[in-house]
Amino acid sequence: MSSPVPPEPPLLCSHWVRSVQHRVELDFPVKLWASAFGGEMKSISTKYSGSQLLQKKYKEFERAVRVEEIDGLRLVKRLAENMEEMFHKKAQAMKRLVEAAEEAHLQHEEDPNLQYEYFNAVLINEVDEEGNSVELGGEFILQPNDHFNNLSVNLSLSVVQVPTNMYNKDSAIVNGVYWSEALNKVFVDNFERDPSLIWQYFGSAKGFFRQYPGIKWKPDEHGVIAFDCRNRKWYIQAATSPKDVVILVDVSGSMKGLRLTIARQTVSSILDTLGDDDFFNIIAYNEELHYVEPCLNGTLVQADVTNKDHFREHLDKLFAQGIGMLDIALTEAFNLLSDFNETGRGSECSQAIMLVTDGAVDTYDAIFAKYNWPERKVEY
């Protein structure tokens with residue numbers, strides 16, 4: 001008998017060898033790339049972190065360094081005392097400004113014909129074609145100061161900024177600027193008492209903004225300065241109490257086209273006046289109610305930047321149709337404010353309903369009598 005023929009070696013073996021070889025060939029350049037990437041990251045971190053300089057400095061003082069046990073409780077107490085002293089100085093500086101402003105305003109008699117030249121923050125050190133100082137400008141000495149990030153400032157005087165959309169010689173502006181000149185002395189005195197102070201300023205309900213130390217303001221590429229102190233968060237929070245607000249937007253058929261566009265912009269402007277201490281919601285209405293954000297049906301949300309931006313995005317989804325049933329919207333708004341107030345999560349202070357419409361056909365006395373009289377808890 002002939003001996004049996006040995007079986008052929010399995011093809012799987014040779015395939016596995018080729019697979020391993022291929023993987024090794026792929027792994028090699030990946031390792032090189034990872035190594036190069038790691039080296040580059042280390043080089044960048046070393047360059048910008050200053051770690052080598054830190055190590056060098058540490059070695060220079062290594063022999064002089066000693067371990068010292070710290071009393072944590074005592075350290076925290078000292079820190080608390082220092083912070084208390086710092087806040088006390090800032091509060092005293094603010095109090096002096098408030099008292100000076102109240103006294104100056106009390107002593108001032110409004111004069112509709114008052115003519116007064118002041119240092120306008122945009123016009124200082126500006127000259128006309130003949131080289132003469134422009135009106136409300138004049139020579140204003142500015143010097144670089146390290147305490148103010150090396151900006152050129154005047155430590156003796158403040159300047160006044162008036163929004164671009166306002167007339168800088170309006171009677172109300174001129175009168176306000178005139179009596180608030182009394183703050184210059186207090187600004188300087190505060191800074192001498194507490195050199196850690198940086199900017200001091202006064203924002204008026206008339207729209208002008210007095211800033212110390214004086215500094216030149218430059219408009220944007222369109223020649224405009226959009227800043228208005230009355231729209232700033234610090235002014236709004238100081239001038240208004242926390243409030244719960246329901247904004248009702250008419251989206252009936254009469255609001256089609258330009259009117260709805262204006263309504264969206266009006267709501268957006270209202271949102272600008274709300275601060276972190278406020279709570280709000282927006283309800284669009286025709287013959288039905290449409291919460292602008294359906295997920296927030298029946299509640300109010302904090303008027304922080306994220307929430308306000310989120311609602312603005314949803315305003316573009318509003319469209320006008322149908323009949324405006326304001327009585328349904330008002331009833332919902334009153335109930336919403338009442339229910340939310342009972343939760344204790346809102347401002348627990350002022351409440352308001354704001355209506356954006358092209359016209360209401362009725363006074364809706366019955367609804368106000370039911371929900372808001374005689375206490376008038378909700379402003380409308």
Side-chain angles (χ1 to χ4, degrees), residues 236-237 239-303 307-308 310-380:
I236 294 170
Q237 289 182 327
T240 61
S241 59
K243 52 193 172 293
D244 299 333
V245 181
V246 176
I247 304 172
L248 301 178
V249 187
D250 185 356
V251 291
S252 62
S254 64
M255 293 290 290
K256 286 184 178 179
L258 180 60
R259 291 181 179 180
L260 187 57
T261 300
I262 295 174
R264 292 192 188 103
Q265 184 58 48
T266 301
V267 173
S268 181
S269 297
I270 292 173
L271 293 180
D272 286 336
T273 67
L274 302 180
D276 289 347
D277 295 332
D278 302 320
F279 288 78
F280 78 102
N281 205 334
I282 305 174
I283 304 174
Y285 71 92
N286 38 37
E287 62 265 33
E288 297 179 348
L289 298 176
H290 312 274
Y291 277 83
V292 170
E293 173 48 85
C295 295
L296 297 172
N297 187 322
T299 187
L300 302 182
V301 296
Q302 186 179 7
N307 285 334
K308 290 191 290 188
H310 179 74
F311 272 78
R312 284 193 180 95
E313 293 174 0
H314 282 64
L315 290 175
D316 293 334
K317 301 176 183 177
L318 297 179
F319 59 92
Q321 66 176 15
I323 303 172
M325 304 291 287
L326 180 55
D327 54 340
I328 298 176
L330 285 173
T331 300
E332 178 72 8
F334 277 117
N335 285 327
L336 176 55
L337 289 172
S338 177
D339 293 344
F340 191 74
N341 186 56
E342 290 178 1
T343 66
R345 294 187 290 116
S347 66
E348 299 184 3
C349 191
S350 302
Q351 294 186 319
I353 297 174
M354 307 195 74
L355 175 62
V356 181
T357 180
D358 61 343
V361 297
D362 196 353
T363 58
Y364 302 97
D365 288 343
I367 296 177
F368 283 94
K370 179 179 180 180
Y371 293 100
N372 205 39
W373 291 342
E375 293 87 357
R376 290 181 175 268
K377 294 180 180 179
V378 180
E379 297 292 332
Y380 177 76

Ser252: partners by side-chain hydrogen bond (donor to acceptor under 3.5 Å, both in side chains), with sequence neighbours left out: Asp250, Ser254
Return the minimal non-hydrogen interatomic distance between Met354 and Val245, and the atom names on each side. CG-CG1, 3.8 Å
Could you grab the distance from atom NZ of Lys243 to atom CG of Leu300, nearest 0.5 Å is fine? 13.0 Å
Going by side-chain hydrogen bond (donor to acceptor under 3.5 Å, both in side chains), name the residues that satisfy it together with Asp316, two or more places apart in sequence or in a different chain. none
Of the non-hydrogen atoms in Thr343 and Phe340, which two are nearest, and what is the gap between them? OG1-O, 2.5 Å
Quick one: closest heavy-atom pair of Asp278 and Thr273, and the distance? OD2-O, 4.4 Å
Go through the steps to decide whether Thr261 and Arg264 satisfy the test side chain to side chain contact (heavy atoms under 4.5 Å, CB included), and finish with yes or no. CA-CA 5 Å; Thr261 300; Arg264 292 192 188 103; 4.1 Å; yes
Heavy-atom pair of closest approach, residues Ala284 and Val292: N-CG2, 4.5 Å
With a 4.5 Å heavy-atom cut-off, do Leu289 and Asn297 have their side chains touching? no
Testing the basics here: between Ala263 and Met255, what is the closest heavy-atom pair and its distance to 0.1 Å? CB-CE, 3.7 Å
CD1 of Ile282 to NZ of Lys308, rounded to nearest 0.5 Å, is 11.0 Å
After noting the C-alpha distance and the side-chain angles of Ile247 and Leu271, does the key distance pass the side chain to side chain contact (heavy atoms under 4.5 Å, CB included) rule? CA-CA 9 Å; Ile247 304 172; Leu271 293 180; 4.1 Å; yes
Distance-only donor-acceptor hits, side chain of residues 325-339, under 3.5 Å, sequence neighbours excluded:
residue : atom : partner : partner atom : Å
Thr331  : OG1  : Asp327  : O            : 2.9
Glu332  : OE2  : Tyr291  : OH           : 2.5
Asn335  : ND2  : Thr331  : O            : 3.1

Can any side-chain N or O of Gln351 pair as donor or acceptor with the backbone N or O of Asp244 at less than 3.5 Å? no
Could you pull out all residues at least two apart from Arg312 that satisfy salt bridge (Lys or Arg N to Asp or Glu O under 4.0 Å)? Asp272, Asp309
About how many Å separate CD of Glu293 and NZ of Lys317, when rounded to the nearest 0.5 Å? 7.5 Å
Hey, what do you get for CG (Asn307) to CG (Leu274), rounding to the nearest 0.5 Å? 11.0 Å
For a side chain to side chain contact (heavy atoms under 4.5 Å, CB included) check, start with the C-alpha distance between Val301 and Phe311, then their side-chain angles and the critical distance, and finish with the verdict. CA-CA 11 Å; Val301 296; Phe311 272 78; 3.9 Å; yes
Measure across His310 and His314 and return the closest heavy-atom pair with its distance rounded to 0.1 Å. O-ND1, 3.0 Å
Among all residues two or more places apart in sequence or in another chain, which pass the side chain to side chain contact (heavy atoms under 4.5 Å, CB included) test with Gln321? Asn286, Phe319
Measure the CD-CG distance between Gln265 and Leu315 for me, rounded to the nearest 0.5 Å. 9.5 Å
Interatomic spacing from CG in Leu248 to CG in Leu355 - rounded to 0.5 Å: 6.0 Å
Residues at least two apart in sequence or cross-chain that pass side-chain hydrogen bond (donor to acceptor under 3.5 Å, both in side chains) with Glu288, listed by chain then number, are none
